[in-house]
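A quick write-up on the structure given underneath.
Residue numbers begin at 1 in each chain, while the letters A, B, ... track the order of the sequences.
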Protein chains: 2
Amino acid sequence: MSSNGSRRREITVADVAKAAQVSKAQAARALGNYGAVSDDVRSRVLAAAEELSYRPNELARSMNTGKSNTIGVIVGDIENPHFGLATRGITDTAKKSGFNVILINTDEELAAEIEAVQVLLDKRVDGLIVAPASSVETHHLQRVQDSGRPLVLLDRHAGGMEVETMAVDMVDISRESTRHLLQSGHQRIAFISTLKTETPYRAGMVLDSSQIADRLDGMQQAYQERELVFPADLVRLNAGDAESIRRITREVLLMPDPATAIVASDGLIALSIVEAIQELGLAIPADVSFLMYDDFAWTRLTTPPLTVVAQPVYNMGLAAAKALIRQIDGLPPSTPAPQFTATLVRRGSVGTRKCAETPAGTTVP
Amino acid sequence: MSSNGSRRREITVADVAKAAQVSKAQAARALGNYGAVSDDVRSRVLAAAEELSYRPNELARSMNTGKSNTIGVIVGDIENPHFGLATRGITDTAKKSGFNVILINTDEELAAEIEAVQVLLDKRVDGLIVAPASSVETHHLQRVQDSGRPLVLLDRHAGGMEVETMAVDMVDISRESTRHLLQSGHQRIAFISTLKTETPYRAGMVLDSSQIADRLDGMQQAYQERELVFPADLVRLNAGDAESIRRITREVLLMPDPATAIVASDGLIALSIVEAIQELGLAIPADVSFLMYDDFAWTRLTTPPLTVVAQPVYNMGLAAAKALIRQIDGLPPSTPAPQFTATLVRRGSVGTRKCAETPAGTTVP
DNA sequence: TTGAAAGCGCTAACAG
DNA sequence: CTGTTAGCGCTTTCAA
């Protein structure tokens with residue numbers, strides 16, 4: 001509509017200043033909403049800006065202020081609703097405080113995470129929320145802290161770092177759910193996870209993921225309480241794609257002393273496990289019991305509905321963003337530190353095993 | 001480790017230049033990998049940079065070059081795996097080409113989308129991928145095009161705009177799946193969607209979403225083919241939260257001439273619908289048939305597995321990013337334009353209705 | 001190849 | 001309140 005027909009060059013404060021017949025500084029003040037500006041000048045500047053459809057260059061703004069109003073989020077896999085929900089919690093909170101979110105996916109690849117941190121730092125984000133792929137290799141996270149840039153961890157702890165972390169206590173909930181399984185007569189409990197490791201699992205091995213390590217700890221504690229030996233041979237890591245997950249499921253179910261219950265480490269992996277169980281013609285929970293982490297809505301729709309460990313993922317995302325923004329604003333961490341507890345939701349997929357003390361070597365009916 | 005103990009100020013090219021004993025310009029050239037630099041200078045600069053652990057300020061870089069290596073993505077709801085997957089396709093492609101992604105959630109709110117576009121433009125992203133909340137109100141998208149910034153639409157068309165759009169032909173697939181339902185003896189087919197409208201649905205009404213409009217068109221065509229009257233009373237929009245979805249489901253199932261089949265507009269809404277059906281004590285497909293859009297993995301795990309319309313969401317995300325990057329690079333759109341077709345995956349949730357010509361007024365068994 | 005100097009668009013410091 | 005003058009950290013002329 002306006003008479004301006006020229007192409008290319010963007011409108012700057014200088015243009016607006018000229019049109020409003022004030023100095024660049026005054027125009028900038030009116031536009032940027034800072035400093036002292038008379039009503040007269042302000043209205044003339046705003047009118048000129050409107051007329052020219054001026055838009056501030058946030059990059060230039062950020063350069064001077066040192067604030068980009070952007071927070072970086074690094075997760076393992078957006079496709080996983082677990083992170084999808086957490087991300088929603090983060091973006092909701094961020095938006096409310098005027099922050100934008102730059103999202104980077106790492107595929108749980110440490111190298112990708114290290115690069116992501118670097119990129120985000122280079123882009124001068126105001127803070128970082130990371131769901132660390134490794135709880136052991138934390139140099140890059142340490143560097144974030146050293147640089148003075150705010151950092152909050154999500155979902156997983158990082159060994160030896162003093163950093164706000166929004167995560168549930170996995171040891172507790174894992175102990176509780178293992179107890180549940182044990183009480184139901186299961187001793188051969190398989191744990192399947194996509195966690196990548198150099199070598200197959202053996203008892204006492206150091207794991208990259210605090211999540212998984214804690215869950216295994218919890219399981220072992222539950223076994224110890226009953227003075228039972230923890231079946232380390234049923235801990236299966238490196239369950240990569242759908243096919244490998246199915247293969248592993250078949251393995252633990254068809255071995256000489258097979259698993260009578262399976263715990264799925266996350267909701268994505270759970271899908272393939274359940275499918276594999278169905279393919280074997282086994283019934284849940286009559287033939288195999290099943291328990292999974294994350295309470296996705298669909299777990300209520302299967303027959304039987306699945307017993308799950310519900311985690312307050314959205315709230316963790318929310319809290320992570322809140323904590324980060326507090327840090328950015330130079331505020332101390334809110335006290336008491338927010339606590340997140342997972343809960344065991346008992347639905348129909350864990351069945352009672354009559355012959356609890358079944359001797360080794362029997363097969364699934 | 002290094003001797004540098006001072007705080008605060010970040011290392012800049014100037015610092016590196018001084019340390020390497022070259023001019024700022026030469027240091028910048030070596031660091032930025034442009035212009036002409038002798039091997040000697042380059043190595044000295046790189047060494048100095050390493051020593052000082054210099055990191056470029058991408059903000060400053062972007063200011064000069066006018067390129068931020070960032071693309072903006074605007075979607076309705078990340079929490080919905082539909083967009084989760086699409087986003088994955090986008091980020092995967094973006095990363096491969098050295099782009100980062102700024103993600104904004106709109107909650108399918110037009111106002112939020114308009115603001116998001118503005119914010120992203122102000123941040124000087126190199127391009128935008130938008131899943132437009134409205135196919136009618138497209139001023140803000142038009143403005144993106146006017147500004148000369150590359151734009152690609154995802155999932156939904158925008159009325160009257162000439163812009164690359166990665167979406168499936170909803171009319172076709174909807175016609176096909178409605179035929180399937182009709183052939184199975186269903187005439188009372190309900191369509192439930194979260195699409196917000198001012199007034200309840202009436203035939204011929206203009207809808208904000210091309211997706212939904214196209215689906216209804218397809219349904220109507222299928223009815224016309226058989227010279228049947230399309231049951232507009234069973235089109236239910238504005239299905240907001242879980243409770244309202246359940247209420248609507250009960251309504252169409254308990255009304256005098258009830259629906260014998262339900263089509264769920266997306267995977268999120270489907271969960272509540274199926275739950276509501278189960279709560280009513282009705283069986284799928286014996287009492288009600290069910291069909292949903294999006295082929296999520298869990299739809300294979302329900303009893304019976306659900307009949308769905310599968311959409312190549314990941315690939316659409318991939319293609320959207322690819323197309324956008326081509327535009328950014330000043331290349332013409334790739335020809336032929338990528339086509340995406342949805343497919344009807346017939347599983348067990350659509351059953352045959354014996355008495356196809358049931359007179360109105362009968363109730364569900 | 002090199003270096004000095006002039007910006008990018010904006011905010012900040014400092015006189016009036 | 002207002003305008004002038006410096007920068008922010010980098011890229012880009014333009015001569016040398």
Inset, instruction - Work out which heavy atom in Pro150(B) is nearest to a heavy atom in Asp126(B); give both atom names and the distance. - result: CD-O, 3.2 Å
Legend entry - Nucleotide nearest Thr12(B) (side chain, heavy atoms from C-beta), chosen from dC1(D), dG9(D), dC10(C): dG9(D)
Legend entry - Close residues, residues 54-72 of chain B, relative to DNA chain C [heavy-atom separation under 4.0 Å]: Met63(B), Asn64(B)
Inset, instruction - Return the value, rounded to whole Å, for the distance between atom OH of Tyr34(B) and atom C1' of dT13(D). - result: 12 Å
Inset, instruction - Could you check how far CG of Asp39(B) sits from C1' of dT1(C), rounded to whole Å? - result: 11 Å
Inset, instruction - Grab the CZ-P distance between Arg44(A) and dC1(D) for me, whole Å please. - result: 15 Å
Inset, instruction - Could you tell me whether Gln118(B) atom CD has more than 12 heavy atoms of other residues or ligands within 6.0 Å of it? - result: yes
Atom pairs, N/O to N/O, protein against nucleotides 3-5 of chain D, distance under 3.5 Å?
from, atom 1, to, atom 2, distance (Å)
dG3(D), OP2, Ser23(A), N, 3.3
dG3(D), OP2, Ser23(A), OG, 3.3
dG3(D), N7, Arg29(A), NH2, 2.6
dG3(D), O6, Arg29(A), NH1, 3.4
dG3(D), O6, Arg29(A), NH2, 2.8

Legend entry - Euclidean distance, atom NZ of residue Lys123(B) to atom C1' of dC10(C) [Å, nearest integer]: 14 Å
Legend entry - Atom-to-atom span, CG of Asp122(B) to P of dC10(C) - whole angstrom: 10 Å
Inset, instruction - Would you kindly give the CG-to-P distance between Asp40(A) and dC1(D), to the nearest whole Å? - result: 12 Å
Inset, instruction - Using heavy atoms to find the nearest nucleotide of DNA chain D for Ser38(A) and Ala28(B) separately, return the residue whose nucleotide is more 5′. - result: Ser38(A)
Inset, instruction - Check whether the side chains of Thr70(B) and Lys123(A) place a donor and an acceptor atom closer than 3.5 Å, and report yes or no. - result: yes
Inset, instruction - Could you list all the side-chain hydrogen bond (donor to acceptor under 3.5 Å, both in side chains) pairs where at least one residue sits in residues 319-335 of chain B, not counting sequence neighbours? - result: Glu164(B)-Gln327(B)
Legend entry - Heavy-atom pair with the smallest gap, counting every atom of Asp15(B) and Thr12(B): OD2-N, 2.8 Å
Inset, instruction - May I ask you to check whether Asp155(B) and His82(B) show a side-chain donor-acceptor distance below 3.5 Å? - result: yes
Inset, instruction - Taking atom NZ of Lys96(A) as the centre, report whether more than 12 heavy atoms of other residues, nucleotides or ligands fall under 6.0 Å from it. - result: no
Legend entry - Atom pair distance, as rounded to whole Å: CG in Asp15(A) and P in dG9(C): 9 Å
Legend entry - Residue Lys196(A) excluded, over 12 heavy atoms near NZ under 6.0 Å: yes
Legend entry - Spacing of Asp92(B) atom CG and Tyr314(B) atom OH [to the nearest 0.5 Å]: 3.5 Å
